[in-house]
Every structure is written in C-alpha cells, then in structure tokens.
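What follows is a short report on a single structure.
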Amino acid sequence: MGPLDMQCYIAYSRLQFFFFPFLKVMNSNPKNHLIEKVKQKDDLQSLASNQMDMDPPSLAGTSSSSISAVHPDIIETHILTRLDPTALASASCASSRLYSLTSNETLWTNICNSTWPSTNHPRLRHVISSFPKGPRSFFSHAFTNPDMATSSSPMNLDCPPGLISAVDIHFQERHIFSKVVETETTDSSPFRVDLLETKDPVPTGIPHPVNEEMYREILEGLKLSWILIDPIGRRAMNVSSYKPVTAAERRWLSTGEVHLRYAWVFSAGQEGSSLEYVKCGVTATFSASHTGEMHVSKVSLHLEDMFGKHLNGKDSLAILHKGMMGKRGVVKGREEEGRRRYDAYKKMRRIKIILGEVRKPLNRQRTLDTLFLAFSVFIFVFLVLHIFF
C-alpha cells in the first residue's frame, strides 16, 4: 500500500467513526430518533476526540453504501464542519462523493475566514474567488510552508507589478489585529511594507507586562501571519514563522515598547552569492497606552540578503514571486521550521561576514603586490630605455 493509499485509508477509517452514530440510528429506528441523535453534538465531539485511540476498522466489511446512506446535509453540516483542514483534505480522497462534498466553496471560505480573518476583506474575497479552486486553492497556498529551495526559474522572470499583504495577529487564539494592504513597486529604493502609522495604534486588550511571567505569557500567546498574494498569477505564500524567531527587544523604561521579530528564509540565488539565502523579516511593535494595555503600533516587512542588506523593490518582488512558484513543504511545525531556518541563516551569514573580513586584507595585499610589480616593470623599462637610447 502506497503513501497516498494509506492516507486515504486513514481518512476513510476516521470518517467511519463520524458516520457510525448516524448509520446505527438509520438502520434501526425512526426519523425522529435520527434528529435527536444529530442534536447531541457533545456525543460527536467525544467520538471525534477518542477516535485516534481506537484501532482503524477493516475495509473488508465496508462499502460505499454505508456512507452514501447518510444524507448530504448531515455530512456537510455536522461532520465536515468538525474536521480540521488537514483532515478535510484527506477525506476528499476517500471517495468521489466525499471529494464533491469537501469541495464546497462555502466550507473552505469559512475555514479561511476563521484561520485568517483578513481574508473576509472585500478585495481579498474577489481575489480568492479567482484562484483555480477558489478558497480551497488559496488555503493550500497560504497554509503550506514555502520550501527552502525555491523555483528554478530565473530571477528576471516576469513578476507582478505588486502584491497584496494580508496580516493577522492572534493572542491565545483570540483575534486582535487584521490589515490588508496593496504594494506596487518596481523601483530601486529599499523594499518595505508598513501596515500602520505610529499615530494610529490599534488596541489589543492585552495588559502591558509588568514582570517576567507576564512577558513570557504574552510571547507564547502572540501569533502573527503574513500572507503575500499575487492577484494576477493567483498564488499566495505565508512568509511568517507564526512565533518570534528571536528574543523580544524590550524598552519598558524608555518608551514602554516591545519589539517582536518573525521571519522566513528561502533560497533565491546561486550558491556563494549574496542572494544564496534571503530572509523575509517581519517586525511587530507593541506599545504601552495610558490605559495600561498594549497597542499594535507598527508592523512592517522587508527582505535582507546574506550580508543584511535590504533589497530593493524590483529584486524583492522577483524573489517573492519566485518563492511562490517554488515547491511547498509539510504543513506542521511552522514555528520550529521557521526558527531552524533563521538560525541556519544567521550562521551562514556570520561565516560569510568572517570570510569577507579575512579576504579584505588578502585583497589589499594582492592589490599592493600588483602595484609594486607594475612599478618595478616601469622602472626596469625606463632604465633600459635610458641606457641604450
């Protein structure tokens, strides 16, 4: 049995546990009994939470008729809405009927809106609807991890004139901030996307930390997502690590600000070049207010090469577009993967800087040697001409 067959088998087995209460009632008793069973949501939730501890049933004694006996409205309303996106995608390969039911656009729209509230923005709703499979395709793009090795397409490929940024911040699963902005730039100035002006902070309802315990609790609870969307190419990519990749910068005594840094690193150029790896960095600044709560005062995005140089608009758009065209990795462990890539990027950057410092005196010495040789040849030629002519 191949990996895909096994995934479908597991999805099918899990669905059997969801369908079982309905099938049992339908095969034994009246319609009102079924309605009463459907209303017992706690029973289904308990069944879903315990199904991982049970052995998967054998497919030998089952058939597609067992699932087809359940009314589609029950499947869509009381079963599929309880599955997480990964399980929902797996369920779609269990049968053609489930594929049709799990492809419901409203279902995936609700998933996108609950995961990223910014996707409910009118502009984004229009863009997402233009994706090949609508919100389902968008979710697949935004939820998966951009691979370290991006597309092999050249850097001078036709890139979009601009991108849309959809940013969401959650604290302990509670939504506290969303913003959608469009960026259009192809010039040579440093690429930077700013979501907020300092004079327009957004309240969060989070009390400002007064001790280390509160500070750690806030760091653990804050989660940031930054999705970049190409409205023309109909592609998207999440460039945030969800959790901070470095310790926060605290300026409690001076300004009362807390700076959090998120990042995602991917390959963008030839090995050994300054663009071998590029860091997409996100900085979120939380400031203290007179009410004692934290406000979101700044959120920005920029790209850096291996030497920490900020890339310009044209290069940044080309690199980001190249990243969107690349492969996607596993969907789990984005926080750990983001931190691992960032740590590897820092080490490689440190090595390049050290090698650059070592090469400087060598290059200087090589230049001096070249000048001395040229001067010696000049003196020799001058003496020869003076003696014989």
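All values reported here derive from a predicted model rather than from experimental measurement. Below, all heavy atoms of this structure are taken into account, side chains as well, without hydrogens, waters or symmetry copies.
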Is it true that atom NZ of Lys179 has more than 12 heavy atoms of other residues, nucleotides or ligands lying nearer than 6.0 Å?
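Counting neighbours around NZ of Lys179, 12 or fewer heavy atoms of other residues, nucleotides or ligands fall under 6.0 Å, so no.
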Taking atom CD as the centre, does Glu220 end up with more than 12 heavy-atom neighbours from other residues, nucleotides or ligands that are less than 6.0 angstrom away?
no
Does [X] have any side-chain contact (heavy atoms from CB on, under 4.5 Å) partners at least two apart in sequence or in another chain, and if so, which?
X      : result
Pro231 : Arg123, Val127, Ile164
Glu217 : Gln172
Thr81  : Leu107
Ser100 : none

Within 45° cone of Phe131 ring axis and under 6.0 Å: Arg234 NZ or CZ:
no
Would Lys279 and Tyr345 count as a cation-pi pair here, with the cationic atom under 6.0 angstrom from the ring centre and within 45° of the axis?
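Geometry flag: not set, cation outside 6.0 Å or 45°.
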Test Asp194 against Arg192 for salt bridge (charged side-chain N to carboxylate O under 4.0 Å, His left out), laying out the working first.
CA-CA 6 Å; Asp194 290 296; Arg192 182 183 175 93; 3.0 Å; yes
Could you list all the side chain to side chain donor-acceptor pair (under 3.5 Å) pairs where at least one residue sits in residues 160-170, not counting sequence neighbours?
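For residues 160-170: Ser118-Asp168, Ser165-Trp226, Asp168-Ser178.
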Selection residues 128-143 - residue pairs positive for side chain to side chain donor-acceptor pair (under 3.5 Å), sequence neighbours left out:
Ser92-Arg136, Tyr99-Lys133, Ser103-Arg136
For Arg235, check salt bridge (Lys or Arg N to Asp or Glu O under 4.0 Å) against everything at least two apart and list the hits.
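Result, salt bridge (Lys or Arg N to Asp or Glu O under 4.0 Å) vs Arg235: none returned.
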Quick one: are Asp315 and Leu275 in side-chain contact, heavy atoms under 4.5 Å?
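The answer is no; the side chains never approach within 4.5 Å.
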Can you tell if the side chain of Leu124 reaches within under 4.5 Å of the side chain of Phe138, non-hydrogen atoms only?
no
Can a donor-acceptor pair be found between the side chains of [X] and [Y] at a distance below 3.5 Å?
X      : Y      : answer
Ser189 : Asn312 : no
Thr246 : Arg261 : no
His295 : Ser287 : no

Excluding sequence neighbours, so at least two apart, what forms side-chain hydrogen bond (donor to acceptor under 3.5 Å, both in side chains) with [X]?
X      : result
Thr119 : Asn113
Thr106 : none
Ser289 : Thr291
Asn120 : Arg125

Find the distance between CD (Glu257) and OG1 (Thr285) and round it off to the nearest 0.5 Å.
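Separation between the atoms: 6.0 Å.
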Going by the side chain to side chain contact (heavy atoms under 4.5 Å, CB included) test, name the single residue among Leu163, Leu311, Asp230 that passes it with Leu320.
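Running side chain to side chain contact (heavy atoms under 4.5 Å, CB included) over Leu163, Leu311, Asp230 with Leu320 returns exactly one hit, Leu163.
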So Glu336 and Arg339, salt bridge (charged side-chain N to carboxylate O under 4.0 Å, His left out) or not? Walk me through it.
CA-CA 5 Å; Glu336 293 76 11; Arg339 191 173 292 109; 5.6 Å; no
What's the verdict on ring-ring contact (aromatic ring centres under 6.0 Å, His included) for Trp116 and Phe139, showing C-alpha distance, side-chain angles and the deciding distance?
CA-CA 10 Å; Trp116 308 293; Phe139 189 93; 5.2 Å; yes
Results of ring pair (Phe, Tyr, Trp, His ring centres under 6.0 Å) for His302 - residues two or more places apart only:
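His302: ring pair (Phe, Tyr, Trp, His ring centres under 6.0 Å) contacts with His310.
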Examine Val181 and Ile232 and state if one hydrophobic cluster contains both, with Ile, Leu, Val, Met, Phe, Trp and Tyr joined whenever side-chain heavy atoms are less than 4.5 Å apart.
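Hydrophobic grouping puts Val181 apart from Ile232.
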